[in-house]
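These notes concern the structure reproduced below.
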Number of protein chains: 2
Amino acid sequence: MKIGELSKTSGCSIQTIRYYEREGLLSDPERSEGNFRLYSNKALKELEFVKHCRSLDISLDDIKRLIELKNKPEESCSSVNELIKQQLNLVNKRMKELKALKNELQHMASTCNSDNTIEGCGIIKSLDS
Amino acid sequence: MKIGELSKTSGCSIQTIRYYEREGLLSDPERSEGNFRLYSNKALKELEFVKHCRSLDISLDDIKRLIELKNKPEESCSSVNELIKQQLNLVNKRMKELKALKNELQHMASTCNSDNTIEGCGIIKSLDS
DNA sequence: CTTGACTCTATAGTTACTATAGGTTTTATA
DNA sequence: TATAAAACCTATAGTAACTATAGAGTCAAG
């Protein structure tokens, strides 16, 4: 299939597919006589792997590492595990931050009386302090 | 005070301060004879306002809007309230995403037996599906 | 009067894409 | 068969919010 079809099947934009290729996350596809990219089902699988990783917010660099590891099936998977754990740490950290953030925003919103002028607005006041 | 001192007092890097100035979030400071930026306490307050907003993940564009609103003390503060509510929505949305993400990552981590080879690694398997 | 710390501007790099310009190839229609 | 439209190509620039660098000027201390 050509890139347009791969794009529709995978849900990745054409530009993103070409970008992943440039970044070395997808293997170089065959080319038609007119230099169009030609993809197999294997290529679709590769792309879906990347997509799945991205949906877990794994960075492109880390995805590259995972792909390399995938290609060494005899090695220990402890590095894969390590990577996932680190990702989990990142997520946990970000969640904590977001919780604190949510609390402050909620508190701020509660201090606003919409009939007020900005002069007396509790939100602006709390941002000022 | 000069930019170095402002940087230390505020905890913002010198580059960030200059960047905020370029972006119109800080008013243009006085300059010394040798063209060094000279800041007052008012400037420090301005910077702290921006910093506080950023700690709430409010975008620079939105901060600009808040600053404009701050300078119209007689207007209704409903737009300020609206902005904060939208910010809260963003945060809530992101938190939901992160929760889903965390669940999947945790599940994945649990399928890994560190003594395994990558061949049999549950993490890679679930990323593949 | 020189050294070193500080500051200046302008520019490029970061992440993960998205968008555009300008050109080629393929496919569909007249 | 001619041509127009759709799909594709590469290369480059833009996005957010900074951070880092190069190369130069300024200022205080010894």
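Naming: A, B, ... by sequence-line order, numbering from 1 per chain.
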Review point. Quick one: on DNA chain C, does Asp61(A) or Asn35(B) contact a more 5' nucleotide (nearest heavy atom)?
Key: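 Residue closer to the 5' terminus by nearest nucleotide: Asn35(B).
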
Distance below 4.0 Å between [X] side-chain N/O and [N] OP1 or OP2:
{"X": "Arg31(B)", "N": "dT9(C)", "value": "yes"}
{"X": "Arg37(B)", "N": "dT9(C)", "value": "yes"}
{"X": "Tyr20(B)", "N": "dC18(D)", "value": "yes"}
{"X": "Ser32(A)", "N": "dT25(C)", "value": "no"}

Exercise for review: To the nearest Å, give me how far apart CD (Glu23(B)) and C1' (dA16(D)) are.
Suggested key: 9 Å

Check your understanding: In whole Å, what is the span from the CG atom of Asp57(B) to the P atom of dA16(D)?
Key ->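 The distance from CG of Asp57(B) to P of dA16(D) comes to 15 Å, rounded to the nearest Å.
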
**Study point:** Given Lys102(B), Lys99(B), Glu97(B), Glu104(B), the one that forms side-chain contact (heavy atoms from CB on, under 4.5 Å) with Val91(A)
**Key:**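 Considering Lys102(B), Lys99(B), Glu97(B), Glu104(B), a side-chain contact (heavy atoms from CB on, under 4.5 Å) with Val91(A) is found only for Lys102(B).
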
Exercise for review: Could you tell me whether a side-chain N or O of Glu23(A) sits under 3.5 Å from a main-chain N or O of Leu60(A), the two making a donor and an acceptor?
Suggested key: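 Checking the backbone N and O of Leu60(A) against the side chain of Glu23(A), no donor-acceptor pair under 3.5 Å is found.
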
Practice item. Decide yes or no for Arg94(B) and Leu98(A): does some side-chain heavy atom of the first lie under 4.5 Å from some side-chain heavy atom of the second? Key: yes

Check your understanding: Taking C-beta and beyond as the side chain, do Glu46(A) and Ile67(A) meet within less than 4.5 Å on heavy atoms?
Key ->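 A side-chain contact under 4.5 Å is absent here.
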
Point to revise | Contact nearer the 5' end of DNA chain D, comparing Glu5(A) with Ser59(B) | key: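 The residue mapped nearer the 5' terminus is Glu5(A).
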
Practice item. Just call it for Arg18(A): base, sugar-phosphate, or nothing, with non-hydrogen atoms closer than 4.0 Å on any strand. Key: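 If one applies the 4.0 Å heavy-atom cut-off, Arg18(A) turns out to touch a base.
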
Check your understanding: Contacts to DNA chain C from residues 38-51 of chain B, heavy-atom cutoff under 4.0 Å, which residues?
Key ->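 Within residues 38-51 of chain B, no residue comes under 4.0 Å of DNA chain C.
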
